[in-house]
Amino acid sequence: MVNIQEERPILIAGAGPVGLILALALHKQKIPCRVFESVTELKPLGVGINLLPSGVRYLDQMGLTEHLDAISVKTRRQSYYNKFGQEIWTEPRGKAAGYEFPQFSIHRGKLQTYLYDVAIERLGSSAIQTNRALESWTDHGDSVTIHLRSRDGGQYDVEGSCLIAADGINSTARKVLYPDEGPPIYSGLILWRAVSESHKWLGGSTMVNCGTDTQKFVCYSIDPELEAQDRCLTNWIAELAVPDWEQPEQNWSNLVDKSRFYDRFADWHFPWLDVPELINTADAIYEYPMADREPLPKWTHGNMTLIGDAAHVMYPIGSNGATQGILDVEEMIKQLLTQDTIDEAFNAYESIRRPATAKIVLANRGNGPDEVLKLADERAPNGFAHVHDVIPQKELEEIAAKYKRLAGFSIKQVNQ
């Protein structure tokens with residue numbers, strides 16, 4: 001086990017879900033750590049997020065799932081429909097599929113607030129410091145000093161045993177390591193995200209991907225209290241191909257009007273869901289480019305390494321981004337407990353997680369499990385009498401199974 005002393009804790013940059021889960025996991029193993037976050041106050045921002053059974057399994061080991069179960073919708077089905085609202089493929093999810101753990105759909109703000117509250121309770125308020133943005137670090141060989149800046153320009157140095165950068169898609173640590181990498185790679189697709197209250201559609205607890213590879217609508221319920229009242233707080237994403245769009249910096253705070261995309265979905269009135277109604281009843285709509293980054297050749301540099309989105313930026317396909325960050329944490333803890341030095345632990349962690357996540361980044365560029373939408377549109381652009389006339393059942397099953405194996409959440413992988 002790596003020996004981490006209280007006077008030289010592990011330093012974590014970023015108090016998003018992955019950074020907080022890492023801090024909680026370290027604390028459970030009695031490994032001292034401190035977390036530094038750039039924002040002045042952690043607020044419940046964002047929209048919906050999914051946690052797959054492979055990630056929930058690890059959260060359960062940390063005693064976090066009892067409350068998550070109360071504030072999340074347990075997704076029971078994943079359905080794919082074409083642009084005419086015809087069903088292509090439906091499969092069970094979570095415990096309904098035979099997993100020992102559920103799939104949680106939850107508001108990202110609720111998730112982060114809960115993790116932050118638990119971290120404060122377990123680690124103490126002094127272990128998590130806001131208004132401290134990572135700028136750089138100095139590696140001394142047997143320790144690191146991180147250099148932080150506050151919003152008012154104040155500079156602060158903190159010494160620790162090592163740095164784990166969980167500072168997200170716009171990671172400062174990654175920019176320091178790879179200053180010539182440039183901005184994220186725009187896919188040619190834009191996402192518009194929001195939440196809307198609606199009637200309970202498809203029986204609730206269902207995640208839907210609908211449309212084609214260039215015009216898609218994704219939605220799922222994220223409020224269990226409303227579901228109990230036969231209503232849904234529906235998290236939705238409208239997606240369109242806009243290849244000539246000029247990409248701004250990626251963030252979830254770019255508010256826009258529905259007029260930017262509404263016309264393309266104005267006639268999507270399906271028997272099971274009224275898409276225009278969802279769009280019209282949203283209080284706030286956020287615009288975000290679908291982008292990723294090339295897999296990096298190296299995450300670990302001396303006494304620092306990357307984790308979560310800072311390490312592997314991927315398209316939000318397959319509901320897999322947050323879960324991969326949790327699996328990073330699981331592997332990190334395993335290596336810290338089994339290796340003798342930070343160098344050995346970090347390099348062993350990277351040797352397992354970097355190739356695994358690189359495969360998912362590349363697979364998501366090929367649409368991942370959403371490939372069935374493209375196939376249905378290509379083979380039956382005007383719709384079909386029955387989906388098996390255009391895509392055999394065996395082919396549908398193999399597309400779904402292939403992605404689960406690749407992303408590490410087949411039933412066999414998770415339950416073992």
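The residues of the chain are indexed from 1 along the displayed sequence.
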Q.
Aromatic contact between W89 and Y81, with the criterion being ring centroids under 6.0 Å apart: yes or no?
A. no
**Q.** For A311 against L306, the heavy-atom pair lying closest together
**A.** CB-CB, 3.7 Å
**Q.** Least distance between heavy atoms, A266 atom then P276 atom
**A.** O-CG, 3.2 Å
(Q) With a 4.5 Å cut-off on side-chain heavy atoms, are I10 and L163 touching? (A) no
Q | Heavy-atom pair with the smallest gap, counting every atom of Y220 and N50 | A | CZ-ND2, 3.2 Å
Q: For the pair M304 and I164, evaluate side chain to side chain contact (heavy atoms under 4.5 Å, CB included) and give the outcome as yes or no after the intermediate values.
A: CA-CA 6 Å; M304 75 79 58; I164 302 177; over 6 Å; no
Q: Mark yes when over 12 heavy atoms from residues, nucleotides or ligands other than K359 sit less than 6.0 Å from its NZ; otherwise mark no.
A: no
Q: Decide yes or no for E344 and Y349: does some side-chain heavy atom of the first lie under 4.5 Å from some side-chain heavy atom of the second?
A: no
Q) Have W201 and T234 got a donor and an acceptor in their side chains that come within less than 3.5 Å? A) yes
Q.
Are R405 and K412 packed together at the side-chain level, in the sense that at least one heavy-atom pair is separated by less than 4.5 angstrom?
A. no
(Q) Between E397 and K402, does any NZ, NE, NH1 or NH2 come within less than 4.0 Å of an OD or OE carboxylate oxygen? (A) no
Q) Can R174 and E181 be counted as an ion pair, charged N to O under 4.0 angstrom? A) yes
(Q) With heavy-atom distances below 4.5 Å as the criterion, would you say the side chains of R93 and R76 are in contact? (A) no
Q | Lys/Arg cation over aromatic Y156: R132, 6.0 Å, 45° cone | A | yes
Q) Can E350 and T300 be counted as having a side-chain donor-acceptor contact under 3.5 angstrom? A) yes
**Q.** Pair H199-D274, side-chain donor/acceptor within less than 3.5 Å
**A.** no
Q: Might you confirm whether atom CD of E66 has over 12 heavy atoms from other residues, nucleotides or ligands at distances under 6.0 Å?
A: no
(Q) Between E294 and R365 (salt bridge meaning N to carboxylate O under 4.0 Å), is one present in this structure? (A) yes
(Q) Would the distance check show the side chain of E239 and the main-chain N or O of L191 forming a donor-acceptor pair, the cut-off being under 3.5 Å? (A) no
Q | Lys/Arg-Asp/Glu bridge criterion (N-O < 4.0 Å) met for E287, R260 | A | yes
Q: Determine, stepwise, if the pair E135 / L148 fulfils side chain to side chain contact (heavy atoms under 4.5 Å, CB included).
A: CA-CA 5 Å; E135 285 201 324; L148 307 164; over 6 Å; no
Q: Can you see which heavy atom on T65 is nearest to which on L59, and at what distance?
A: CG2-C, 3.9 Å
Q.
Quick check against the 3.5 Å criterion: does T206 have a side-chain atom that pairs as donor or acceptor with the backbone of G204?
A. yes
Q.
So which atom in A310 and which in D167 form the shortest heavy-atom distance, rounded to 0.1 Å?
A. CB-OD1, 3.6 Å
Q) What is the ring orientation for F409 with Y403, classed by angle as parallel under 30°, tilted 30 to 60°, or perpendicular over 60°? A) perpendicular
(Q) Working note: E330 + R57, criterion salt bridge (charged side-chain N to carboxylate O under 4.0 Å, His left out); need CA distance, chi angles, decisive distance, verdict. (A) CA-CA 10 Å; E330 181 180 27; R57 172 183 50 79; 2.8 Å; yes
Q. Among F261, W192, W236, Y262, which one satisfies ring pair (Phe, Tyr, Trp, His ring centres under 6.0 Å) with F217?
A. W236
Q.
Salt bridge check, E100 against K95: does any charged N sit closer than 4.0 Å to a carboxylate O?
A. no
Q: Under the side chain to side chain contact (heavy atoms under 4.5 Å, CB included) rule, what do L51 and L111 come out as? Steps first, then yes or no, please.
A: CA-CA 10 Å; L51 302 175; L111 172 64; 4.2 Å; yes
Q: Working to the nearest 0.5 Å, report the span between CD1 of I279 and CZ of F265.
A: 6.5 Å
Q.
Using only atom types and a distance under 3.5 Å, with no angle test, would you say the side chain of S196 pairs donor to acceptor with the backbone of L278?
A. yes
Q. Hey, are T75 and S105 close enough side-chain-wise for a donor-acceptor pair under 3.5 Å?
A. yes
Q: Mind checking the OG-CG spacing from S161 to L11? Nearest 0.5 Å is all I need.
A: 6.5 Å
Q: State the CD1-OH distance between I106 and Y114, to the nearest 0.5 angstrom.
A: 9.5 Å
Q.
Just to verify, which of N82, T212, T214, N209 counts as forming a side-chain contact (heavy atoms from CB on, under 4.5 Å) with L373?
A. N209
Q. In this structure, are over 12 heavy atoms from other groups packed under 6.0 Å from E225 atom CD?
A. no
Q: Please state whether the rings of H388 and H386 are parallel, tilted or perpendicular, taking 30° and 60° as the class boundaries.
A: tilted
Q: For salt bridge (charged side-chain N to carboxylate O under 4.0 Å, His left out), just list the numbers for R354 and E331, CA-CA rounded to whole Å, side-chain angles, deciding distance to a tenth of an Å, and then say yes or no.
A: CA-CA 11 Å; R354 187 168 59 83; E331 190 61 43; over 6 Å; no
Q. In terms of heavy-atom contacts, does NZ of K258 have more than 12 from other residues, nucleotides or ligands at under 6.0 Å?
A. yes
Q: For the residue pair V218 and K216, establish whether any side-chain heavy-atom pair is separated by less than 4.5 Å.
A: yes
Q: Decide yes or no for C210 and F270: does some side-chain heavy atom of the first lie under 4.5 Å from some side-chain heavy atom of the second?
A: yes
Q | Taking every non-hydrogen atom, the tightest pair across I326 and G55 | A | CG2-O, 3.7 Å
Q. Looking at E91 and K404, does any basic side-chain N land under 4.0 Å from a carboxylate oxygen?
A. yes
Q. Pick from E227, Q103, R77, K200: which one makes a side chain to side chain donor-acceptor pair (under 3.5 Å) with S205?
A. E227
Q | Interatomic spacing from OG in S187 to CD1 in I317 - rounded to 0.5 Å | A | 8.0 Å
Q: Compare all side-chain heavy atoms of Y315 with those of N320 and state whether any distance is below 4.5 angstrom.
A: no
Q. Taking the side chain as C-beta and beyond, is there a heavy-atom pair between M290 and I190 under 4.5 Å?
A. no
